[in-house]
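All figures in this text were calculated on a predicted structure; none of them were measured in a lab. As the structure lists them, so they are numbered: ligands from 1, and atoms in each ligand from 1. These numbers come from the heavy atoms of this one structure, side chains and all, not from hydrogens, waters or symmetry mates.
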Amino acid sequence: MKNPIEGHLLPDTARVGQDGHLFVGGVRVADLAYEFGTPLFVYDEAHLRNRCRDVVSVFGDGATYATKAFLCKAMARLAHEEGMRLDVATGGEMHVALAAGVPADRLVLHGNNKSTDELAAAIDVGVGRIVVDSLDELERIERLAPSGRQIPVLLRLTPGVEAHTHEFVSTGQDDSKFGFTVSSGAAKAAVDAARSAPHLDLRGIHCHIGSQVLRVDSYARALEVIADFAAGFAFDEVVVGGGLGVAYTSDERAPGLTEWSSVISEAAQRVGLDAQITVEPGRAVVATAAMTIYTVGTIKDLPGIRTYVSVDGGMSDNARPVMYGSRYETFLPRAAHAERSKPIRLVGKHCESGDVIVRDGWVPPDIRVGDIIATPVTGAYGYSMSSNYNRVPRPAVVFVADGNARLVIRRESIADLLSTDTG
Ligand code: LLP
């Protein structure tokens, strides 16, 4: 038996109407299914704006949104309007941000294997920073830079810190494909190489210890390593990456942005790091802003085993349960205050048993075929990791605000699915 879905898993403007229906952005969530179809990602625009403003207000001008968590033109524009820079990890992300009208100098290009084309395009448009990840890349940038120009770069360091998160999203440990290892001397060699490259303007250093980090003391440990390393160099900028975790289930609690920033600034003071310190969160900005709504297609009660509730999406719109064993909650937006006393397993429509969205979900006992069912906290790495597995078209995405819903990504069509076939 579970209580009604809890407020900390819902977007900022979520309210329950007198009829028990959930409203977000002043819009009745269940109604969106009829207007836009399902599966549908529903983002609370005020929540997105609030989180961007929060990050900028605690971390200042360098605060950067990691677009990999969720990107479309509307999102890029929103983050830019709210004063954030944008971290883009590929040429694709960079081009979406540019197409949205974000000035190139507000972009920070990441990636452990940027292609020559990606680097050339970034240099050509004049991105604000390139975060250099290897000596090969460093030489490539030097070669590509037009004469008379210096390319602003940061060096990505691997501080040798465990982030206490899932192995797939841990990046700060020495055994990593990312960055220059501090302990081996590779980082020092990279600084020397960057400083002696005439076309590189080394602004500072960068690290990212991992994602969905719930223990913020890990950042203090990373800063200690960085301060120790940076002592001889006087860098202007230090980026401590993103990674702040969020709560996905009612039993989880996550540190907020303020706690994150206090731990970082206290550690910086303690270790005497005298540089502009910035962060680049993705998940903490967008995860709780959205929920996915689905339509219940079949309900199978297996006596003595469990009840399977199947919906019209699945691992193609939320790969996280399959990839990381991530846990989610589920509820009925038409009965947001109802006790959830019926245990179910929420599954998708894909052809494998691993296609589970919520392994141990609870819903009101009157759940029926045709119901609109929601999974909250799907705003990060949901749409952005979606696929066309089983040739399922990707869902649509709406932003809701002030009683209106605006389509920001339309649902893919069968024509979209066929558009890349040549034969
Ligand atoms: N900066 C860098 C260099 C990163 O690699 C990442 C995430 C971020 C910032 C943003 O991290 P965030 O604040 O969103 O945790 N697909 C996985 C997450 C992969 C994160 C990859 N890098 C998931 O669904 O949990």
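- Within the structure, the closest approach of G241 to ligand 1 does not fall below 4.0 Å when heavy atoms are considered.
- Checked against a 6.0 Å centroid threshold, the rings of H110 and H206 count as neighbours.
- Considering backbone and side-chain N/O atoms, H206 never comes within less than 3.5 Å of an N/O atom of ligand 1.
- The backbone and the side chain of E280 each have at least one atom closer than 4.0 Å to an atom of ligand 1 (non-hydrogen atoms only).
- Taking every non-hydrogen atom of G243 and a distance limit under 4.0 Å, the qualifying atoms of ligand 1 come out as 11 (O), 12 (P), 13 (O), 15 (O).
- The neighbour count for D175 CG, taken as heavy atoms of other residues, nucleotides or ligands under 6.0 Å away, does not exceed 12.
- Heavy-atom proximity to D87, at under 4.0 Å, picks out these atoms of ligand 1: 1 (N), 9 (C).
- Of all the atoms in ligand 1, the ones that sit under 4.0 Å from a non-hydrogen atom of K68 are 2 (C), 4 (C), 5 (O), 6 (C), 7 (C), 21 (C), 22 (N).
- With a heavy-atom cut-off of 4.0 Å, V213 does not touch ligand 1 at all.
- Using a 4.0 Å cutoff on heavy atoms, R156 counts as a contact of ligand 1.
- The atoms of ligand 1 that sit less than 4.0 Å from any heavy atom of A66 are 8 (C), 9 (C), 10 (C).
- Not a single N or O atom of M385, backbone or side chain, sits closer than 3.5 Å to an N or O atom of ligand 1.
- Using a 4.0 Å cut-off between heavy atoms, R283 contacts ligand 1 through both its backbone and its side chain.
- Under a cut-off of 6.0 angstrom, the local environment of CZ in R359 is sparse, with at most 12 non-hydrogen atoms contributed by other residues, nucleotides or ligands.
- To the nearest 0.5 Å, the span separating CG on L109 from CD on E137 amounts to 7.5 Å.
- Within the 4.0 Å heavy-atom shell around ligand 1 one does not find A284.
- Listed by number with element, the atoms of ligand 1 under 4.0 angstrom from any heavy atom of P281 are 13 (O).
- No N or O atom of H110 sits closer than 3.5 Å to an N or O atom of ligand 1.
- Close approach to S211 involves these atoms of ligand 1, each under 4.0 Å from a residue heavy atom: 11 (O), 12 (P), 15 (O), 18 (C), 20 (C).
- Residues F229 and I205 meet the side-chain proximity criterion, which asks for heavy atoms closer than 4.5 Å.
- In this structure, H350 has its ring center closer than 6.0 angstrom to the ring center of Y389.
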